[in-house]
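All residue numbers in this chain count up from 1 along the given sequence. This structure is a prediction, so every number in the text was calculated from the model and none was measured. As the structure lists them, so they are numbered: ligands from 1, and atoms in each ligand from 1.
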Amino acid sequence: MGTVVDAAIKEANGSATEKKPSVVFVLGGPGSGKGTQCANIVEHFGYTHLSAGDLLRAEIKSGSENGTMIQNMIKEGKIVPSEVTIKLLQKAMQENGNEKFLIDGFPRNEENRAAFENVTKIEPKFVLFFDCSEEEMERRLLNRNQGRDDDNIETIRKRFKVFLESSLPVVKYYEAKGKVQKIDAGKPVEEVFEAVKAIFAPEHDKVAAA
Ligand code: UP5
Ligand code: MG
């Protein structure tokens with residue numbers, strides 16, 4: 001009894017009870033394989049992949065007023081101001097309409113993390129962390145050949161430094177909250193995905209059974 005009324009009240013309250021999307025942050029150093037593995041996760045587990053870096057690169061291409069600033073920051077391996085990145089992520093989530101997102105390469109520093117939580121009120125379900133040695137990441141980035149402005153040895157070194165100084169503390173923050181799923185990302189793509197699958201599959205089974 002009362003369930004119909006409850007449902008009506010919920011509906012009348014509208015946005016107050018609107019369901020927040022479920023978010024997994026995918027973090028790891030430059031070239032650790034975030035994009036590669038996200039593509040696999042999308043294919044198997046119905047998530048939508050949002051790469052913060054891809055959104056920023058699209059913003060440069062679109063000729064937006066922030067384009068030149070973003071381009072300069074990426075060339076230097078620096079972190080673009082939170083408000084710019086968060087706006088792009090929010091817009092992409094709203095336009096997409098899925099309720100499950102992989103947010104790849106964000107948050108990259110403490111300020112990114114706190115601002116995202118404040119603005120969206122979304123806490124990640126968990127954080128997938130791709131752990132890989134710098135030697136391996138450097139090799140991958142120098143071999144990538146996709147014309148990215150930041151895949152040159154000078155910028156790669158800067159990206160590694162920013163990752164260690166600013167992004168790893170975010171992983172540590174979530175580790176302290178028991179939210180990090182760490183993956184050995186130095187192995188071949190298929191092996192890494194086996195480890196990734198083991199994390200997503202139980203959750204997927206639960207949803208399928210519901
Ligand atoms: N590869 C992948 N997995 C492999 C494996 N297991 N074995 C062998 N090879 C493997 O992979 C990189 C390359 O390695 C590919 O050629 C792949 O085939 C191969 P990829 O999956 O692309 O790795 P990924 O971790 O996604 O590397 P990426 O270079 O995209 O990581 P970054 O974190 O550096 O780049 P991102 O695009 O996220 O950010 C770029 C810049 O944008 C940042 O430096 C920053 O300036 C800016 N930015 C912000 O300011 N704020 C943000 O929130 C996000 C980005
Ligand atoms: Mg990437």
Side-chain angles (χ1 to χ4, degrees), residues 23 25-43 49-61 66-93 101-117 119-120 124 127-168 170-171 183-197:
V23 163
F25 287 147
V26 181
L27 302 178
S32 59
K34 301 182 292 296
T36 303
Q37 295 299 330
C38 281
N40 286 336
I41 300 167
V42 164
E43 206 178 299
H49 173 208
L50 298 178
S51 157
D54 286 351
L55 290 171
L56 290 167
R57 284 183 286 273
E59 191 69 359
I60 297 171
K61 273 211 182 131
N66 284 325
T68 309
M69 178 271 291
I70 297 172
Q71 190 166 27
N72 290 336
M73 297 207 79
I74 289 183
K75 191 80 206 286
E76 287 303 311
K78 291 187 180 151
I79 299 169
V80 172
S82 294
E83 71 237 43
V84 173
T85 316
I86 291 172
K87 231 179 245 162
L88 292 173
L89 287 169
Q90 271 190 308
K91 184 160 170 274
M93 285 198 277
F101 293 94
L102 300 168
I103 297 191
D104 155 4
F106 178 96
R108 283 182 118 81
N109 61 15
E110 271 297 295
E111 201 261 326
N112 275 178
R113 181 198 65 69
F116 182 83
E117 260 179 46
V119 172
T120 66
V127 174
L128 196 58
F129 170 49
F130 290 119
D131 190 24
C132 193
S133 70
E134 280 195 6
E135 298 72 50
E136 175 64 16
M137 294 194 289
E138 186 177 304
R139 199 166 24 241
R140 291 178 188 177
L141 293 175
L142 291 174
N143 280 330
R144 178 156 55 185
N145 256 333
Q146 284 178 355
R148 265 176 60 165
D149 269 358
D150 55 351
D151 282 350
N152 58 80
I153 193 63
E154 294 91 296
T155 311
I156 288 170
R157 298 246 155 92
K158 290 178 183 167
R159 288 157 72 192
F160 285 163
K161 189 162 184 281
V162 169
F163 176 71
L164 283 180
E165 288 176 0
S166 303
S167 310
L168 261 189
V170 176
V171 177
I183 305 268
D184 178 356
K187 296 182 175 159
V189 173
E190 301 71 30
E191 279 181 47
V192 177
F193 189 53
E194 283 308 310
V196 168
K197 258 203 275 191

For this session: Could you list which atoms of ligand 1 come closer than 4.0 Å to a heavy atom of F106?
Result: 53 (O)
Exercise. Out of L50, V23, V119, which one pairs with L89 under the side-chain contact (heavy atoms from CB on, under 4.5 Å) rule?
Worked result: L50
Seminar exercise, completed: Separation between OG (S82) and CZ (F106), nearest 0.5 Å, reads 6.0 Å
Exercise. Do NZ/NE/NH1/NH2 and the carboxylate oxygens of E154 and K158 come within less than 4.0 Å?
Worked result: no
Seminar exercise, completed: Checking heavy atoms under 4.0 Å, the part of D151 that sits near ligand 1 is neither
Exercise. In the protein, which heavy atom is nearest to atom 26 (O) of ligand 1, and how far is it?
Worked result: G35 N, 3.0 Å
Exercise. Is any N or O atom of A52, backbone or side chain, closer than 3.5 Å to an N or O atom of ligand 1?
Worked result: no
For this session: Mind checking the OG1-CD1 spacing from T85 to I70? Nearest 0.5 Å is all I need.
Result: 7.5 Å
Seminar exercise, completed: If you scan protein heavy atoms around atom 18 (O) of ligand 1, the nearest is T36 OG1, 4.2 Å
Problem set entry | Nitrogen or oxygen atoms of E136 and ligand 1 under 3.5 Å apart | no
Seminar exercise, completed: If you compare G28, G31, G29 by their heavy atoms, the one closest to atom 27 (O) of ligand 1 turns out to be G31
Exercise. Are any of the side-chain heavy atoms of E191 and E194 separated by less than 4.5 Å?
Worked result: no
Exercise. Judged by non-hydrogen atoms, does E76 sit under 4.0 Å from ligand 1?
Worked result: no
Exercise. What is the distance from atom CD of Q71 to atom CG of D149, rounded to the nearest 0.5 Å?
Worked result: 5.5 Å
Problem set entry | Closest protein heavy atom (residue, atom, distance) for atom 23 (O) of ligand 1 | G33 N, 3.2 Å
For this session: Provide, to 0.1 Å, the distance between atom 50 (O) of ligand 1 and the closest protein heavy atom, together with that atom's residue and name.
Result: V80 N, 2.7 Å
Exercise. What part of K34 sits under 4.0 Å from ligand 1 if we count only heavy atoms: the side chain, the backbone, both or neither?
Worked result: both
Seminar exercise, completed: atom 30 (O) of ligand 1 has as its nearest protein heavy atom R148 NH1, 3.0 Å
Exercise. Side chain, backbone, both or neither: which part of T85 has a heavy atom under 4.0 Å from ligand 1?
Worked result: side chain
Exercise. Are any side-chain N or O atoms of R140 and backbone N or O atoms of S32, one a donor and one an acceptor, separated by less than 3.5 Å?
Worked result: yes
Exercise. Do R159 and D151 sit within salt-bridge range, that is, some charged N less than 4.0 Å from a carboxylate O?
Worked result: yes
For this session: Give me the ring orientation class for F129 and F163: parallel if the planes are under 30° apart, tilted from 30 to 60°, perpendicular past 60°.
Result: parallel
Problem set entry | Proximity of L56 to ligand 1 by residue part, where a heavy atom lies under 4.0 Å | side chain
For this session: Quick one: look up the protein heavy atom nearest atom 54 (C) of ligand 1 and list residue, atom name and how far away it is.
Result: R108 NH1, 3.3 Å
Exercise. Which of these, K187, R57, E191, has its nearest heavy atom closest to atom 37 (O) of ligand 1?
Worked result: R57
Problem set entry | Heavy-atom donor-acceptor pair, K34 side chain to G28 backbone, under 3.5 Å | yes
Seminar exercise, completed: of all protein heavy atoms, closest to atom 34 (O) of ligand 1 is R159 NH2, 2.7 Å
Problem set entry | Under 3.5 Å: N/O of N112 near N/O of ligand 1 | no
Exercise. Are the charged groups of K87 and E83 less than 4.0 angstrom apart, N to O?
Worked result: no
Exercise. Within the side chain of T155, is there an N or O that forms a donor-acceptor pair under 3.5 Å with the backbone of K75?
Worked result: yes
Seminar exercise, completed: Correct closest heavy-atom pair for N112 and V80 would be ND2-O, 4.3 Å
Exercise. Going by the order shown, which atoms of ligand 1 are within less than 4.0 Å of some heavy atom of P188?
Worked result: 6 (N)
For this session: Could you check which of D150, V189, D149 puts a non-hydrogen atom nearest to atom 4 (C) of ligand 1?
Result: V189
Exercise. Backbone or side chain, does any N or O of G53 fall under 3.5 Å from an N or O of ligand 1?
Worked result: no
Problem set entry | For M69 against P81, the heavy-atom pair lying closest together | SD-CD, 4.0 Å
For this session: Could you check which of M73, R140, K78 puts a non-hydrogen atom nearest to atom 46 (O) of ligand 1?
Result: K78
For this session: For atom 22 (O) of ligand 1, find the nearest protein heavy atom and state the residue, atom name and distance (0.1 Å precision).
Result: R144 NH1, 2.9 Å
Exercise. Which atoms from ligand 1 have a heavy atom of G105 less than 4.0 Å away?
Worked result: 52 (C), 53 (O), 54 (C)
Exercise. Would you say Q37 and V189 make side-chain contact, with heavy atoms under 4.5 Å?
Worked result: yes
Exercise. Going by the order shown, which atoms of ligand 1 are within less than 4.0 Å of some heavy atom of L141?
Worked result: 29 (O)
